[in-house]
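For reference, the structure is listed below as structure tokens.
Labels below follow one simple rule: chain letters A, B, ... track the order of the sequence lines, proteins then strands, and each chain is numbered from 1. The analysis underlying the following values was restricted to heavy atoms, covering all of them including side chains, and did not include hydrogens, waters or symmetry mates.
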2 protein chains.
Amino acid sequence: MFDPASPLSELPARGDCFNRRCISRSVLAHVTGRWGSLVIAALRSSGVLRFSELRGRIDGISEKMLAQTLRELQRDGLLTRTSRPVVPPHVEYRLTPLGAGVAEHVEGLVRWIESHVRDLVRAQREHDADTGDGVAG
Amino acid sequence: MFDPASPLSELPARGDCFNRRCISRSVLAHVTGRWGSLVIAALRSSGVLRFSELRGRIDGISEKMLAQTLRELQRDGLLTRTSRPVVPPHVEYRLTPLGAGVAEHVEGLVRWIESHVRDLVRAQREHDADTGDGVAG
DNA sequence: GTAAGTACTTTCCTTTGGATAGCATTGGTG
DNA sequence: CACCAATGCTATCCAAAGGAAAGTACTTAC
């Protein structure tokens, strides 16, 4: 059913992220991976970015992980890599139309979290204060 | 500015996920962590779930990671844990109103990916076929 | 006495991630 | 001509995170 070799027409029209063998699961993993959502959000807000620009925008990412994340997302068809054969190298990354589709949701999520920081901090402090599990009965 | 000890009123009204010191960044990490989004999506579609039900629904998760993910999300104020002191133990997890807010976006993302599996598979196959980087010039 | 059932926790080992250095290429500098 | 800068990676090595399996705690049922 989720056999990666079967013809497209035999694949289910809809995936199932809860199934670990479904391709949608691995795409979800790439998109919501440690760095995926930030790469996607950065590209969505800037349009085009070079490798070093992405590295500069995403505080804390290592070059290894940036390269790896970009490769995964490119393979999933969410972004394109365009290299101009000049010296020093000039490589551009941008979202594909497919990538723009996910990006919309990713950005919604990121923006929601950013605009609810105070609520989140308050919740964490309350939790740390009473460190009690809610016990009913 | 993002000092975890400063009073709420001094925290910026909006976080910045691109800054590795901002609390919104760690919440994003929990929500989009390897298992966070699936836990949230499962709770959103079911309302209430017990530990073992979550484990059953989320194919591939280990008990250790489920426990850890639940603890993080609970601390962030996104879900509640309610244990009834009976034998055998009975523990329920459900989203808080805050959690329901993120869950909306998480579910949008998951649903988008699930409904675009075919496009994603097609993209992967094309990529694997030409394994060529887009080169302009 | 012992097995079952639930929600974890612990242990041990594999996999992943991070920091740093290196590579390839060529124009500019001394 | 030697040398460095600039860019986009890759390689290496070590620390951290994650997975599998077994253990814990407690009481009812057999």
Side-chain angles (χ1 to χ4, degrees), chain A residues 20-21 25-26 28-39 42-43 46 48-75 79-94 131-137, chain B residues 20-21 25-26 28-39 42-43 46 48-75 79-94 131-137:
Chain A
R20 87 172 118 176
R21 282 184 228 296
R25 169 77 160 261
S26 65
L28 179 69
H30 297 157
V31 171
T32 69
R34 172 132 193 216
W35 303 110
S37 52
L38 291 174
V39 167
L43 285 174
S46 297
V48 194
L49 286 174
R50 301 177 62 177
F51 187 87
S52 50
E53 291 172 330
L54 281 163
R55 182 168 37 105
R57 242 157 260 238
I58 303 171
D59 186 24
I61 196 171
S62 67
E63 299 198 332
K64 178 174 139 184
M65 290 315 295
L66 177 54
Q68 183 178 313
T69 303
L70 288 168
R71 249 182 281 129
E72 291 167 349
L73 296 177
Q74 189 194 349
R75 174 162 188 259
L79 55 84
T80 58
R81 174 186 187 278
T82 315
S83 86
R84 293 210 226 120
V86 295
V87 170
H90 187 105
V91 179
E92 292 176 345
Y93 294 93
R94 74 188 72 203
T131 321
D133 300 327
V135 178
Chain B
R20 87 172 117 175
R21 282 183 229 297
R25 169 76 162 262
S26 66
L28 179 69
H30 297 158
V31 171
T32 68
R34 173 130 194 218
W35 302 110
S37 51
L38 292 174
V39 167
L43 285 175
S46 298
V48 193
L49 287 173
R50 301 177 63 177
F51 187 88
S52 52
E53 292 171 330
L54 280 162
R55 182 170 35 106
R57 241 156 261 237
I58 303 171
D59 187 23
I61 196 171
S62 68
E63 300 197 331
K64 177 175 135 182
M65 289 316 295
L66 178 54
Q68 182 177 314
T69 303
L70 288 169
R71 248 181 282 128
E72 290 168 349
L73 296 177
Q74 189 195 350
R75 174 161 188 262
L79 56 83
T80 60
R81 174 187 186 279
T82 315
S83 87
R84 294 210 225 118
V86 295
V87 170
H90 186 105
V91 180
E92 292 176 344
Y93 294 92
R94 75 189 71 203
T131 319
D133 300 326
V135 178

Which residue, B:Arg20 or B:Phe51, contacts DNA chain C at a nucleotide closer to its 5' end, judged by nearest heavy atom?
B:Phe51
Round to a whole Å and report the spacing from CG of A:Leu66 to P of D:dT10.
11 Å
Just the rounded figure in Å: distance from P of D:dT7 to CG of A:Leu70.
17 Å
Any side-chain heavy-atom pair from A:Leu54 and A:Leu70 closer than 4.5 angstrom?
yes
Looking at every heavy atom in both A:Leu49 and A:Ala42, which two are closest together, and how far apart are they?
CD1-O, 3.8 Å
Flag the pair B:Leu79 / B:Tyr93 as yes when at least one side-chain heavy-atom distance between them is below 4.5 Å, and no otherwise.
yes
Between A:Ser52 and D:dG8, is there a contact of a side-chain N or O with OP1 or OP2 at under 4.0 Å?
yes
Inter-axis angle, terminal five-pair segments of the helix from C:dG1-D:dC30 to C:dG30-D:dC1 [nearest 10°]
30°
A:Arg55 to A:Leu66 - nearest heavy-atom pair and separation
N-CD2, 3.7 Å
Measure the distance from CD1 on A:Ile61 to P on D:dG8 and round it to the nearest whole Å.
14 Å
For D:dT10 and A:Arg71 - does any side-chain N or O of the residue sit under 4.0 Å from the phosphate oxygens OP1/OP2?
yes
Heavy-atom side-chain proximity of B:Glu92 to B:Arg84 below 4.5 angstrom
yes
A side-chain contact here means heavy atoms from C-beta on lying under 4.5 Å apart; do B:Ile61 and B:Leu38 qualify?
no
Which residue lies toward the 5' end of DNA chain C, A:Gln68 or A:Val87, if each is placed at its nearest nucleotide?
A:Gln68
What's the CZ-P distance between B:Arg55 and D:dA20, to the nearest Å?
13 Å
Tell me: NZ of B:Lys64 to P of D:dA21, nearest whole Å?
14 Å
Range on DNA chain C touched by chain B, heavy atoms, distance below 4.0 Å:
C:dG5 to C:dT11
Minimum-distance pair of heavy atoms, taken over all atoms of A:Trp35 and A:Asp59:
CZ3-O, 4.1 Å
Does B:Glu53 reach the side chain of B:Ser46, with side-chain heavy atoms less than 4.5 Å apart?
no
A:Pro88 has a side chain; which of D:dT7, D:dT10, D:dG8 sits nearest to it?
D:dT7
Please give, in whole Å, the distance from D:dA16 P to A:Met65 CE?
17 Å
What's the spacing between B:His30 NE2 and B:Glu72 CD if we round to 0.5 Å?
4.0 Å
Any B:Trp35 side-chain nitrogen or oxygen under 4.0 Å from OP1 or OP2 of D:dA17:
no
Any side-chain N or O of B:Arg34 below 4.0 angstrom from OP1/OP2 of D:dG18?
no
